[in-house]
Participant: 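The following block contains the structure, expressed as structure tokens.
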Amino acid sequence: MTQPTLIRRDRTRSRLLDLFSCSGGAGMGYHRAGFAVDGCDIADRPNYPFPYHRGDALAYLAHLIASGEIRRYAFVHASPPCQHGCALTVGTNASQGWGRAHVDLVAPVRDLLDATGLPYVIEQPNGRAVIRKDLTLCGEMFGLGVIRHRNFELGGWTTGRPAHVPHRGRVRGYRHGRFYDGPYVAAYGNGGGKPTVAELQSAMGITWTGAREELTEAIPPAYAEFIGRAYLAAVATSGAAA
């Protein structure tokens, strides 16, 4: 039986597994922070800027654990589908009588992540998803053209919580038939005064994909870069104290 190659670093970069990777918003942020990134997504993602495995993220993670190949990695990021509990979808589902089509993958993802023994992050939007909000990040913290609040549960490590920065105005678009202007664009859906693809790219800090669906599902790379740098700083501090 071939033993798994225990490579936790790519030259000078720690290796990171990006689960439910979509087009790579999180992956690019971690890359900029200093990680070598491998993705996994069930959909074909030709715009993903790093190596990736196409397949079910839960099954792939279970395989990596069982085979021992998970030891190639130093850190795991997971962004399981959020439609079950995100605030936008919950409201729409209630008004339309929907709500049974989406599944909540947070708990099974967490169980597998705990089994890896590795430090990890689970990302979710505001809503009903049951995660610890160890970090809540917002586009205004990074000078972006979106608000896009996202919550992050940190497994096996901690960092300080940055203070939330007051918003400078409204999100541009129509509300109940009335148009409101503002310094932020709405990074979801289409129509109703929604931004163009070019505006979304600029607001999110994403240049490698022009697919609207990918842009509206992504988290801004600045968020993951912040988290990645915080983790690497925590590791460096821990090593210096040892």
Side-chain angles (χ1 to χ4, degrees), residues 8-41 43 45-53 57 73-82 109 113 118-126 131 133-165 184-185 187-188 200-211 213-236:
R8 292 168 62 88
R9 301 180 70 85
D10 179 2
R11 296 184 181 178
T12 60
R13 288 174 173 258
S14 298
R15 296 196 70 81
L16 180 142
L17 179 61
D18 178 19
L19 297 173
F20 308 95
S21 54
C22 192
S23 62
M28 182 60 75
Y30 286 115
H31 170 77
R32 291 172 181 170
F35 287 92
V37 178
D38 295 331
C40 176
D41 199 274
R45 298 295 184 184
N47 296 318
Y48 190 74
F50 309 108
Y52 92 110
H53 169 84
Y73 296 98
F75 193 89
V76 185
H77 173 98
S79 294
C82 60
V109 166
L113 290 173
L118 296 175
Y120 64 80
V121 165
I122 300 174
E123 174 265 329
Q124 289 284 280
N126 283 336
I131 67 167
K133 298 179 181 180
D134 297 321
L135 289 176
T136 297
L137 300 180
C138 166
E140 184 58 31
M141 295 177 174
F142 306 98
L144 300 178
V146 290
I147 292 178
R148 209 160 185 78
H149 293 117
R150 288 296 182 268
N151 302 307
F152 301 87
E153 178 176 316
L154 313 183
W157 70 288
T158 61
T159 190
R161 292 175 60 93
H164 189 263
V165 180
Y184 311 104
V185 299
Y188 58 88
L200 272 173
Q201 290 173 317
S202 177
M204 298 276 287
I206 293 176
T207 59
W208 60 91
T209 178
E213 175 261 343
E214 293 183 341
L215 289 164
T216 57
E217 288 188 2
I219 67 170
Y223 294 13
E225 182 176 358
F226 172 86
I227 293 170
R229 291 186 183 279
Y231 170 73
L232 292 174
V235 169

Participant: Does the side chain of Tyr73 come within less than 4.5 Å of Asp38's, by heavy atoms?
Facilitator: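 Yes, at least one pair of side-chain atoms sits under 4.5 Å.
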
Participant: Check whether any side-chain N or O of Arg150 sits under 3.5 Å from a backbone N or O of Pro220 as a donor-acceptor pair, and report yes or no.
Facilitator: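 Checked: no pair found.
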
Participant: Identify the two heavy atoms, one from Glu140 and one from Leu144, that lie closest to each other, and give their separation to 0.1 Å.
Facilitator: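 What the structure gives for the nearest pair is OE1-O, 4.5 Å.
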
Participant: Quick check: does any side chain N or O of Ser21 sit under 3.5 Å from a backbone N or O of Cys40, one acting as donor and the other as acceptor?
Facilitator: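 It does hold such a pair.
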
Participant: Name the orientation class of the two ring planes belonging to Tyr231 and Trp157 (parallel below 30°, tilted from 30 to 60°, perpendicular beyond 60°).
Facilitator: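 Perpendicular: the ring planes of Tyr231 and Trp157 meet at over 60°.
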
Participant: Is there a side-chain contact between Gln124 and Glu153 (heavy atoms, below 4.5 Å)?
Facilitator: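 No; the side chains remain at least 4.5 Å from each other.
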
Participant: Can you name the closest pair of heavy atoms from Gly205 and Pro221 and give their distance?
Facilitator: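 Nearest heavy atoms, Gly205 then Pro221: O-CG, 3.6 Å.
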
Participant: Taking Trp208 for the side chain and Ser23 for the main chain, is one N or O donor matched with an acceptor at less than 3.5 Å?
Facilitator: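 It does hold such a pair.
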
Participant: Closer than 3.5 angstrom, by distance alone: can the side chain of Gln201 be matched with the main-chain N or O of Thr209 as a donor-acceptor pair?
Facilitator: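 Such a contact is found between Gln201 side chain and Thr209 backbone.
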
Participant: Just wondering, do Glu123 and Tyr223 contact through their side chains at under 4.5 Å, heavy atoms?
Facilitator: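 No, too far: nothing below the 4.5 Å cut-off.
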
Participant: Taking all non-hydrogen atoms of both residues, which atom of Leu113 and which atom of Ala78 are closest, and how far apart?
Facilitator: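 Nearest pair, atom of Leu113 first, then Ala78: CD1-CB, 4.1 Å.
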
Participant: Got Lys133 and Asn126 here, is their nearest side-chain heavy-atom distance under 4.5 Å?
Facilitator: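 In contact.
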
Participant: Taking all atoms of both residues into account, what is the closest heavy-atom pair of Ile131 and Phe152, and its distance?
Facilitator: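 What the structure gives for the nearest pair is CD1-N, 4.3 Å.
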
Participant: Please check: side-chain N/O of Tyr30 versus main-chain N/O of Leu16, any donor-acceptor pairing under 3.5 Å?
Facilitator: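 No; judged by distance alone, with no hydrogens or angles, the pair does not exist.
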
Participant: Please name the pair of heavy atoms, one in Val37 and one in His31, separated by the smallest distance, quoted to 0.1 Å.
Facilitator: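 So the two residues come closest at CG2-N, 3.9 Å.
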
Participant: Treating Glu214 as the side-chain partner and Tyr48 as the backbone partner, does any N or O pair qualify as donor plus acceptor under 3.5 Å?
Facilitator: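 Not at all, since once roles are kept as given, no pair shorter than 3.5 Å links the two residues.
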
Participant: Could you give the distance from CG (Leu135) to OG1 (Thr159), rounded to the nearest 0.5 Å?
Facilitator: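 Between atom CG of Leu135 and atom OG1 of Thr159 there are 6.5 Å.
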
Participant: For a 4.5 angstrom cut-off between non-hydrogen side-chain atoms, does Leu137 reach Ile227?
Facilitator: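 Yes, their side chains come closer than 4.5 Å.
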
Participant: Looking at Gly228, is its backbone amide N or carbonyl O close enough to the side chain of Arg32 to form a donor-acceptor pair, meaning the two atoms are under 3.5 Å apart?
Facilitator: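 It does not hold such a pair.
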
Participant: Side-chain contact test, heavy atoms from C-beta onward, threshold under 4.5 Å: evaluate it for Met28 versus Phe50 and give yes or no.
Facilitator: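 Yes; the side chains approach each other to less than 4.5 Å.
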
Participant: Is there a side-chain contact (heavy atoms from CB on, under 4.5 Å) between Phe20 and Val109 once you walk through the steps?
Facilitator: CA-CA 11 Å; Phe20 308 95; Val109 166; 3.8 Å; yes

Participant: Once rounded to the nearest 0.5 Å, what's the spacing between atom NE2 of His53 and atom CG of Asp18?
Facilitator: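 If I round to the nearest 0.5 Å, the distance is 13.5 Å.
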
Participant: Tell me the closest heavy-atom pair linking Arg45 and Tyr52, and the distance in Å.
Facilitator: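 Minimum heavy-atom contact is N-OH, 2.8 Å.
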
